[in-house]
Amino acid sequence: MIFQKWDDIPKMRIIHENIPPESVIELQMIVGENQTLALWTFSEGSEVASHKHPHEQMSFIQRGRFLFRVEGEEEREVGAGEVVVCKSNVEHWLKALEDGSQDLQIFSPRRDDLLEFRGAYIPV
């Protein structure tokens with residue numbers, strides 16, 4: 001078993017084709033054998049463009065508010081304490097409505113494509 005203190009995981013600013021250049025989004029991440037835990041912190045107005053991936057995603061809003069759009073559903077405002085579940089290969093989009101908004105996401109299987117952004121990698 002490996003233990004990690006969240007405050008010791010460095011924050012990395014994310015620059016990616018799915019993120020408009022004016023958006024400021026930071027990532028802290030831990031990668032396990034079969035899943036990824038990622039904390040995304042957004043400046044107000046920052047967004048992640050509509051996208052999909054083969055990973056199931058659970059988003060737990062820890063702080064602030066977001067607009068979330070999930071394929072087949074109405075756009076919805078979500079806030080601290082709410083959870084959004086995105087099934088595999090389902091298109092989704094989000095935009096932060098407040099500075100410092102945080103989305104804690106769990107992905108399964110693990111998001112190897114995010115390793116280029118890794119703030120923390122726990123070897124398995």
Side-chain angles (χ1 to χ4, degrees):
M1 183 173 284
I2 297 174
F3 298 89
Q4 180 77 37
K5 185 176 178 184
W6 197 262
D7 290 342
D8 292 340
I9 299 170
K11 293 179 182 177
M12 300 185 72
R13 175 147 182 217
I14 302 305
I15 298 170
H16 188 269
E17 62 188 25
N18 285 342
I19 299 172
E22 64 276 6
S23 293
V24 178
I25 302 173
E26 294 178 333
L27 170 64
Q28 291 172 279
M29 181 173 64
I30 295 178
V31 178
E33 185 174 355
N34 298 306
Q35 56 194 347
T36 299
L37 179 65
L39 179 63
W40 305 84
T41 303
F42 293 73
S43 65
E44 183 177 355
S46 292
E47 64 181 270
V48 177
S50 190
H51 67 287
K52 60 182 175 180
H53 40 72
H55 315 84
E56 181 178 43
Q57 171 184 325
M58 292 189 187
S59 287
F60 173 63
I61 309 307
Q62 287 203 299
R63 182 184 315 154
R65 295 178 304 120
F66 291 89
L67 280 180
F68 239 103
R69 185 174 53 240
V70 178
E71 183 180 324
E73 300 288 330
E74 299 266 334
E75 188 173 283
R76 183 171 170 170
E77 184 176 318
V78 294
E82 294 188 74
V83 176
V84 179
V85 178
C86 298
K87 295 180 181 179
S88 301
N89 295 308
V90 170
E91 190 118 350
H92 54 285
W93 164 91
L94 73 152
K95 180 177 182 176
L97 299 176
E98 296 177 8
D99 195 44
S101 291
Q102 290 186 323
D103 182 1
L104 181 64
Q105 298 177 346
I106 300 170
F107 298 100
S108 180
R110 77 182 197 179
R111 290 285 305 265
D112 288 337
D113 61 313
L114 291 180
L115 291 178
E116 65 185 274
F117 307 126
R118 76 172 156 242
Y121 178 68
I122 296 181
V124 292

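Just so we're clear, the structure is a prediction, and the values are computed from it rather than from any experiment.
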Among residues at least two apart in sequence or on other chains, which ones pass side chain to side chain donor-acceptor pair (under 3.5 Å) with [X]?
{"X": "Ser23", "value": "none"}
{"X": "Arg76", "value": "none"}
{"X": "Ser50", "value": "Glu91"}
{"X": "Gln102", "value": "Thr41, Arg63"}

Could you pull out all donor-acceptor pairs under 3.5 Å where a side-chain atom in residues 82-89 meets a protein atom, sequence neighbours excluded?
| residue | atom | partner | partner atom | Å |
| --- | --- | --- | --- | --- |
| Glu82 | OE2 | Gly79 | N | 2.9 |
| Ser88 | OG | Pro54 | O | 3.1 |

Enclosure of Glu74 CD (heavy-atom neighbours >12, cutoff 6.0 Å) =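 Incorrect, the count does not exceed 12.
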Would you say Arg69's side chain and Trp93's backbone share a donor-acceptor pair under 3.5 angstrom?
->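 Such a contact is absent between Arg69 side chain and Trp93 backbone.
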Partners of Ile61 by side-chain contact (heavy atoms from CB on, under 4.5 Å), sequence neighbours excluded?
->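 By the side-chain contact (heavy atoms from CB on, under 4.5 Å) rule, Ile61 matches Phe66, Phe68, Val78, Asp103.
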side-chain contact (heavy atoms from CB on, under 4.5 Å) with Glu98: which residues, sequence neighbours excluded?
->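 Partners of Glu98 by the side-chain contact (heavy atoms from CB on, under 4.5 Å) criterion, ordered by chain and then number, come out as Arg65, Ser101.
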Using the side chain to side chain contact (heavy atoms under 4.5 Å, CB included) rule, take Phe42 and Ile19 through it: C-alpha gap first, then chi angles, then the decisive distance, then the call.
-> CA-CA 11 Å; Phe42 293 73; Ile19 299 172; over 6 Å; no
Output all residues satisfying ring-ring contact (aromatic ring centres under 6.0 Å, His included) with His55, sequence neighbours left out; order by chain, then residue number.
->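 His55 satisfies ring-ring contact (aromatic ring centres under 6.0 Å, His included) with His53 only.
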Residues which pass salt bridge (Lys or Arg N to Asp or Glu O under 4.0 Å) with Glu71, listed by chain and number, not counting sequence neighbours =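 In terms of salt bridge (Lys or Arg N to Asp or Glu O under 4.0 Å), with neighbours along the sequence ignored, Glu71 is linked to no residue.
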Run through the side-chain heavy atoms of Ile, Leu, Val, Met, Phe, Trp and Tyr, join any pair under 4.5 Å, and report what else lands in Val24's cluster.
->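 Via sub-4.5 Å side-chain contacts, Val24 links to none.
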